[in-house]
Engineer: 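The structure under discussion is supplied below as structure tokens; questions concerning it will follow.
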Number of protein chains: 2
Amino acid sequence: MKAEIIAVGTEILLGDIVNTDAQVISLGLDELGIDVYYQTVVGDNPGRLREVLDIAKKRSDLIITTGGLGPTLDDLTRETIAEAFGKKLVLHQPTLRRITAFFDQIGREMTQNNVKQAMLPADCKVLENNWGTAPGCAFEADGVHVMMLPGPPRECTPVFRTAGMEYLSKLAGGVIVSHVVHIFGMGESQMEDRLHDLMEKSVNPTLAPYAKDGECLVRVTAKADTAAQAEQLLAPAVQQVCDMLGDVVYGIDIGSLERAMAEVMTEKGLTLSVAESCTGGLLSKRITDVPGASKFYKGGACTYCNEIKMKVLGVKKETLDKYTAVSTQTAGEMARGIAQAYGTDIGIGITGYAGPDGGEDGTPAGTVHIGIFYNGETQVRTIHSPRGRENARRDAANHALDLILRAAKK
Amino acid sequence: MKAEIIAVGTEILLGDIVNTDAQVISLGLDELGIDVYYQTVVGDNPGRLREVLDIAKKRSDLIITTGGLGPTLDDLTRETIAEAFGKKLVLHQPTLRRITAFFDQIGREMTQNNVKQAMLPADCKVLENNWGTAPGCAFEADGVHVMMLPGPPRECTPVFRTAGMEYLSKLAGGVIVSHVVHIFGMGESQMEDRLHDLMEKSVNPTLAPYAKDGECLVRVTAKADTAAQAEQLLAPAVQQVCDMLGDVVYGIDIGSLERAMAEVMTEKGLTLSVAESCTGGLLSKRITDVPGASKFYKGGACTYCNEIKMKVLGVKKETLDKYTAVSTQTAGEMARGIAQAYGTDIGIGITGYAGPDGGEDGTPAGTVHIGIFYNGETQVRTIHSPRGRENARRDAANHALDLILRAAKK
């Protein structure tokens, strides 16, 4: 089956945003064994969209569009597709009820233009959107499968990965099952080097390594007639990947470092608090991204000036004077200080130069010290992450989570 | 001039990488006043690339390709384009010398397949690549302008932004200038409802509204012969949008609520601290996303259990017992408590049910109270954001930033 992804959005053509939806969908179609031959971006212009659809109809078996499903005047994907495939748009009552209820709930008036989001091609399969107002939908016409998805990545990704992929897996035939091996503490090229021979000879399951948000992942995917058969193919391959990579593997299908950490902390009945300077609350935010974090996380302090580091965490004035706020010593005192102030088993202290500026003493931007206090002992890890403020903060939070995870596992 | 960007690369179709080159080029063309009508991605397949080129030739005046210029077997862009436009490939001696010198420099033997990177269409303009081996090039044929750029972003971006844009600026003529009006506190559909008539009749400047991360934006874009003339067209249109939307407009070209807030806080010389429960550090993280936040931000506390709310913020036990931790009363005491503990002019307190679970008393997930303490007074705003944990936390942080901004502006 040959697929084409069409993104509808002038904001992509203007360069305001990158077409990340296309990547998410391409990855999903790859998992399903569906080949993507083209990705196209066209503006919010019905004439040009129609031409693009006519080209796609001739060369593709499956067309997936993103965007243009919202309530505003320039959201014209639904109407243009219906016209191109000779489908009527009909009011989908359950969707209208859902949209009406949503506006009631947030206490805002629902303007009339929202109704058009509930107008869907007759006899389509509705792909429910629990992350926004406009639902997706899918149908077959003129021998082509068509799927429309909302454009905002926060809506497109979950709608596609749930209802969208479920719909497509029925078209694709057989089943595809994947497991993801999560890795922290090894670079992408080193990982690929280690797995190179295994990757070359793997046909089913296949191995796909990639890097994301400062971590690495290997997706192991098997095709079979049934899920059970796929799992049988997967088990030894996943084990082999884990064996080849060693203790940098922190979980299978676990989703993220914070989830892996939360699982172990909860299981061990340990408690945690964190003190952050340069990460500014990012670590605390990521810990509390995990529902149920309150089982082990008591809280944190963002100490963005020396005064608060001393007052809240008890960092010594002499330490700050002698070693500065960005030092292994300060990181260690922050970790111990928060654990004592908040009464927790484990305490974390993070201090560094996230950038754009480094220290006056010549310490480069991207230098971050991460202290951990546990069992009466303090340990500090120093990292260098020179690729901008956002990356430095993310990497520091990743290392802190890795430190907690390793301490809790012991 | 109508432009089309064609990326050649199977790795994009597999979802291994996002097509960021297209964004970089789109932004640059927008600056030059060249309209991008299409972005297309096609694999390393000469047959399909040829078809895509034939379509582009018919509908576009300028075709810019990225990728497929390397030394390996599947790099076929140069050959396919030469064929499509009836151009001969000839050896470009200066390029061959540069490539040979490059290999000498890194002490590696130049394999024979590298020579083909110096084969360029006859009579083309060579776009020098000082960041890699394959140069870009540009020519005109069959009434269409064609530009080829290397694919790796670290080569594509600088080659395009230097030699590429210089070449194109001669073709373009005229300029395009945009301003972005930032809006918080009004939904996309309501905004569009208010601006509907203005949008319909606007031709130059044009108005493009969109929603992003719980906020709304209106991009106002004008075309003119010079930047000054474009600004003259823009000024009254931007003013009109601001007048029609009222005080939900928080800035022009400011980037984000946190940046707008940081600007006003710094200007007014006010200081800030925040206490977070359900947002878990997200607000603090967003405040410190802004470089230089330390000028006004002293720090924050994530108080993820009652014990810490009482100990660190001085929230009264009676308040927690009588009204629970998720109440306007607790939010107010948190705001006052952090301002006093950290000694700041403004204090924020956030408490709520981010989800997936609501309160045991039936309070639905997505209910969040945001308290602000300023000038001895406490004010609390309650929001309902029922679309999942991530959105509820984002919306709560947005409202907190809005409260700070409005207080600081007074």
Side-chain angles (χ1 to χ4, degrees), chain A residues 10-15 18-20 22-24 26-27 30 36-43 48 55 70-74 102 105-109 111 113-114 130-132 152 210 280-285 287-289 291 293-294 297-305 307-308 342 356 389, chain B residues 12-20 22-24 26-27 30 36-43 48 55 187-190 192-193 196 199 208-211 279-285 287-288 291 293-294 297-305 307-308 312 342 356 384-389 391:
Chain A
T10 303
E11 66 274 30
I12 304 176
L13 296 180
L14 284 169
V18 188
N19 188 9
T20 50
Q23 183 185 33
V24 168
S26 289
L27 281 171
D30 188 38
V36 179
Y37 275 21
Y38 309 93
Q39 293 173 357
T40 307
V41 182
V42 63
R48 285 194 288 277
I55 292 169
T72 71
L73 270 186
D74 60 0
F102 168 75
Q105 211 173 352
I106 62 167
R108 265 198 211 157
E109 195 200 347
T111 49
N113 52 7
N114 280 288
N130 296 311
W131 304 267
Y210 54 106
L282 172 62
L283 175 60
S284 182
K285 183 256 172 196
I287 293 167
T288 58
D289 277 345
S294 57
Y297 185 57
K298 287 206 173 183
C302 168
T303 56
Y304 221 57
C305 59
E307 179 196 337
I308 301 293
Y342 280 43
R389 187 175 176 86
Chain B
I12 304 176
L13 296 181
L14 285 171
D16 285 339
I17 57 169
V18 187
N19 188 9
T20 50
Q23 183 184 35
V24 168
S26 289
L27 281 171
D30 189 35
V36 179
Y37 276 20
Y38 309 94
Q39 293 172 357
T40 307
V41 182
V42 63
R48 285 195 287 277
I55 292 169
E188 189 186 10
S189 50
Q190 200 188 342
E192 141 109 19
D193 209 45
H196 184 273
M199 278 170 63
Y210 54 105
T279 45
L282 172 62
L283 175 61
S284 182
K285 183 257 172 194
I287 294 167
T288 58
S294 58
Y297 186 56
K298 287 209 173 181
C302 169
T303 55
Y304 221 57
C305 58
E307 178 196 338
I308 302 293
V312 174
Y342 281 42
H384 301 282
S385 175
R387 294 241 183 98
R389 187 176 177 87
N391 285 341

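Within every chain, numbering begins at 1; the chains are lettered A, B, ... in the order of the sequence lines, protein sequences first and strands thereafter. Keep in mind that the numbers below use all heavy atoms, side chains included, and drop hydrogens, waters and symmetry copies.
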Engineer: Between A:Leu13, A:Leu27, A:Thr20, which has the largest tally of heavy atom pairs under 4.5 Å with chain B?
Structural biologist: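 Going by pairs under 4.5 Å, I would pick A:Leu13.
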Engineer: Measuring heavy-atom distances to chain A, does B:Ile17 have an atom under 4.5 Å in its side chain, in its backbone, in both, or in neither?
Structural biologist: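 When you check distances to chain A, only backbone atoms of B:Ile17 fall under 4.5 Å.
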Engineer: What part of B:Asn19 is in contact with chain A, defined as an atom under 4.5 angstrom from a non-hydrogen atom: side chain, backbone, both or neither?
Structural biologist: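 Looking at B:Asn19, just its backbone touches chain A.
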Engineer: Just by modelled atom types, is the A:Gly300 backbone N or O under 3.5 Å from a matching donor or acceptor in the A:Tyr342 side chain?
Structural biologist: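 It does hold such a pair.
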Engineer: Under 4.5 Å from any heavy atom of chain A, what part of B:Val312 do you find: side chain, backbone, both or neither?
Structural biologist: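 It is the side chain, since no backbone atom gets that close.
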Engineer: Which of the residues B:Glu307, B:His196, B:Met199, B:Arg389 is involved in the greatest number of heavy-atom pairs with chain A at under 4.5 angstrom?
Structural biologist: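 The option with the most such pairs is B:Arg389.
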Engineer: Find the one option among B:His384, B:Lys285, B:Arg387 whose heavy-atom pairs under 4.5 Å with chain A are most numerous.
Structural biologist: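 Maximum pair count with chain A is reached by B:Arg387.
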Engineer: For B:Glu192 versus B:Pro209, what's the shortest heavy-atom pair and its separation?
Structural biologist: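 In this case the closest contact between B:Glu192 and B:Pro209 is OE1-CG, 4.1 Å.
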Engineer: Examine whether an atom of A:Ala301 lies under 4.5 Å from a heavy atom of chain B, and if so say whether it belongs to the side chain, the backbone or both; otherwise answer neither.
Structural biologist: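 Both parts, backbone and side chain.
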Engineer: A:Pro152 versus chain B, heavy atoms under 4.5 Å apart: side chain, backbone, both or neither?
Structural biologist: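 Neither part; nothing is under 4.5 Å.
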Engineer: Contact between A:Asn113 and A:Thr72 at the side-chain level, heavy atoms closer than 4.5 Å - yes or no?
Structural biologist: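 In short, these two side chains do not touch, never coming nearer than 4.5 Å.
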Engineer: Using a 4.5 angstrom heavy-atom cutoff, name the option from A:Pro356, A:Gly281, A:Gly299 with the most pairs to chain B.
Structural biologist: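 It is A:Gly281.
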Engineer: Does some side-chain heavy atom of B:Gln190 sit less than 4.5 Å from a side-chain heavy atom of A:Glu109?
Structural biologist: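 No. Closest side-chain heavy atoms not under 4.5 Å.
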Engineer: Between chain A and each of B:Val42, B:Asp193, B:Leu14, count heavy-atom pairs under 4.5 Å; write down the option with the most.
Structural biologist: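 Sorted descending by pairs with chain A, the first entry is B:Leu14.
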Engineer: Taking the side chain as C-beta and beyond, is there a heavy-atom pair between B:Ser26 and B:Gln39 under 4.5 Å?
Structural biologist: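 Heavy-atom side-chain distance check passes, below 4.5 Å.
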Engineer: Non-hydrogen atoms of chain A under 4.5 Å away: do they reach the side chain of B:Leu282, the backbone, both or neither?
Structural biologist: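 Its backbone and side chain both get close to chain A.
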Engineer: Taking C-beta and beyond as the side chain, do B:Pro386 and A:Ile106 meet within less than 4.5 Å on heavy atoms?
Structural biologist: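 In short, these two side chains touch, coming nearer than 4.5 Å.
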Engineer: Compare all side-chain heavy atoms of B:Ile55 with those of A:Ile55 and state whether any distance is below 4.5 angstrom.
Structural biologist: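 Yes, their side chains come closer than 4.5 Å.
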Engineer: Picking from B:Ser189, B:Ser284, B:Ala211, which has the most non-hydrogen pairs under 4.5 angstrom with chain A?
Structural biologist: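 That would be B:Ser189.
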Engineer: For each of B:Ile12, B:Ile287, B:Thr303, tally heavy-atom pairs with chain A at distances under 4.5 Å, and name the one with the top tally.
Structural biologist: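 The option with the most such pairs is B:Ile12.
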Engineer: A:Tyr304 and A:Gly280: which non-hydrogen atoms are nearest, and at how many Å?
Structural biologist: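 Looks like CE1-CA, 4.4 Å.
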